[in-house]
Amino acid sequence: MDFGDIGRTVMRAMQQGRVGFSVQQVNAVDEHSDVLYSECLARLVELDGSVITAGEFMLPLEAFGYAPHLDRHIVNLAFDWLSSNPCGSLGCNISTGNFSSREHWALLYDELYRHRSLAPRLVLEVTESAPMALLSGVAALIQDVRKLGYRVAVDDFGTGFSTPEALFSMDVDLVKIDAFFARLNTGRDAHRLLHHMVGLVSCAAPTIVVEGIETYDQLALAKAVGATHVQGYLLSEPSLAPIYLGPATTVVTSRLM
């Protein structure tokens with residue numbers, strides 16, 4: 001199946017209510033039971049019941065400009081879930097495709113404005129699938145969202161298109177350091193590199209999340225270099241099957257803190 005076919009398959013699955021989300025918690029580095037929020041991870045349920053993770057279909061969606069459609073779908077599911085779970089907080093990925101198209105941005109902003117009463121409990125994670133420096137007005141658009149009460153995070157910082165220039169051009173609340181830096185071989189070099197990364201991003205945001213924490217050594221390293229929070233399989237392993245597909249097709253109900 002080529003990229004175009006995959007993109008159309010995902011779009012059709014969204015229309016049929018077969019795209020939902022599982023969650024992975026973002027935990028405080030000191031008090032592991034203190035959950036900042038839970039990130040929504042897109043899941044597609046095939047007609048035969050098998051489940052496909054977002055990692056298997058995001059590249060085709062981005063290549064054909066479908067990513068903003070998925071973003072809005074997951075955001076709307078998150079709003080529905082938050083309305084029914086007053087103690088929960090969620091995070092949703094927002095691709096840069098939303099900023100490069102006036103139409104996509106208007107549709108997303110309308111949804112965010114309409115549900116602004118839920119803004120304090122939703123984090124918008126900006127994923128840099130395109131160079132942020134090439135997208136005009138991104139900082140102003142992000143500021144508009146923050147004025148509604150939403151927190152904004154820069155996701156996967158340190159890899160791909162993310163640069164200090166892009167980071168410091170925006171006012172954000174969180175920075176998530178890519179899992180690559182936690183998974184380096186242990187030793188002085190790994191410690192020094194992550195220490196410098198945390199020091200850099202601490203100048204841009206008060207909350208620093210190290211992603212990809214899978215071992216206690218990685219957790220200890222994140223704490224030692226000054227991260228405030230961590231995310232990864234060690235403390236929170238997301239289910240393969242979605243916990244939420246929408247009001248009519250919920251597979252499993254879950255109460256998140």
Side-chain angles (χ1 to χ4, degrees), residues 20-43 53-55 74-75 77-78 81-82 84-94 118-127 149-159 162 167 172-184 186 190-191 193-202 204-244 252-257:
F21 63 80
S22 294
V23 294
Q24 186 176 47
Q25 296 173 345
V26 175
N27 303 83
V29 73
D30 291 317
E31 297 293 336
H32 304 157
S33 60
D34 182 5
V35 178
L36 184 63
Y37 65 93
S38 297
E39 180 183 354
C40 297
L41 305 175
R43 300 284 190 260
T53 65
I74 297 299
V75 164
L77 288 182
W81 188 93
L82 290 169
S84 301
N85 295 267
C87 295
S89 294
L90 296 176
C92 292
N93 289 332
I94 302 297
L118 299 172
R121 296 194 288 126
L122 183 64
V123 177
L124 302 175
E125 300 191 6
V126 179
T127 59
Y150 295 94
R151 288 171 291 173
V152 175
V154 171
D155 196 18
D156 300 329
F157 182 77
T159 61
S162 59
L167 176 63
V172 296
D173 303 280
L174 302 88
V175 177
K176 301 180 76 174
I177 297 175
D178 190 82
F180 166 81
F181 297 95
R183 293 171 181 165
L184 290 171
T186 57
H191 184 284
L193 180 56
L194 188 56
H195 174 76
H196 287 312
M197 287 293 294
V198 170
L200 173 67
V201 301
S202 67
T207 303
I208 305 151
V209 182
V210 177
E211 300 180 288
I213 301 299
E214 298 178 349
T215 69
Y216 284 104
D217 285 343
Q218 292 170 347
L219 177 62
L221 175 60
K223 182 176 181 178
V225 298
T228 61
H229 293 78
V230 293
Q231 182 176 356
Y233 279 70
L234 178 65
L235 299 179
S236 178
E237 185 170 353
S239 64
L240 178 59
I243 68 158
Y244 198 68
V252 179
T253 57
S254 174
R255 183 179 181 84
L256 307 177
M257 300 303 293

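The shortest non-hydrogen separation linking A227 to V29 is O-CG1, 3.2 Å. Minimum heavy-atom separation, G20 to L77: CA-CD1, 3.7 Å. Of all non-hydrogen atoms in E211 and A182, the two that sit nearest each other are O-CB, 3.5 Å. In plain terms, the two heavy atoms of S38 and Q25 that are nearest each other are OG-CG, 3.5 Å. For the pair P238 and Q24, the tightest heavy-atom approach, listed with the atom from each and the gap, is CD-NE2, 3.6 Å. Nearest approach of N27 to H32, heavy atoms of both residues: ND2-O, 2.8 Å.
Note that the CG atom of D178 and the CZ atom of F157 stand 10.5 Å from one another [nearest 0.5 Å]. The CG atom of N85 sits 8.0 Å away from atom CG of L90, with the distance rounded to the nearest 0.5 Å. The distance from atom CZ of R183 to atom CG of L221, rounded to the nearest 0.5 Å, is 13.5 Å. The OG atom of S89 lies 8.5 Å from the CG atom of L122; values are rounded to the nearest 0.5 Å.
The shortest side-chain heavy-atom distance between V75 and I94 falls under the 4.5 Å cut-off. Between Y150 and P120, the closest side-chain pair of non-hydrogen atoms is not below 4.5 Å. You'll find the side chain of I74 stays beyond 4.5 Å of the side chain of N93, heavy atoms only. Side-chain contact between V210 and F181 is absent, with no heavy-atom pair separated by less than 4.5 Å. At least one side-chain heavy atom of V198 sits less than 4.5 Å from a side-chain heavy atom of I177. For the pair L235 and I213, the minimum side-chain heavy-atom distance is 4.5 Å or more. For the pair D156/K176, no side-chain contact is recorded, criterion being any heavy-atom separation below 4.5 Å from C-beta on. A heavy-atom distance below 4.5 Å is found between the side chains of L174 and L36.
Each of I208, V175, T228 was checked for a side chain to side chain contact (heavy atoms under 4.5 Å, CB included) with S202, and the lone residue meeting it is I208. Put simply, the residue from E125, Q231, H229, R151 that forms a side chain to side chain donor-acceptor pair (under 3.5 Å) with Y37 is E125.
With R43 contributing its side chain and S239 its backbone, the two residues share a donor-acceptor pair below 3.5 Å. Between the D155 side chain and the T127 main chain, no donor and acceptor come within less than 3.5 Å of each other.
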Between V126 and V172, does a side-chain contact (heavy atoms from CB on, under 4.5 Å) hold up when you go through it step by step?
CA-CA 10 Å; V126 179; V172 296; over 6 Å; no
Step by step, work out the side-chain contact (heavy atoms from CB on, under 4.5 Å) result for D173 and T207.
CA-CA 7 Å; D173 303 280; T207 303; over 6 Å; no
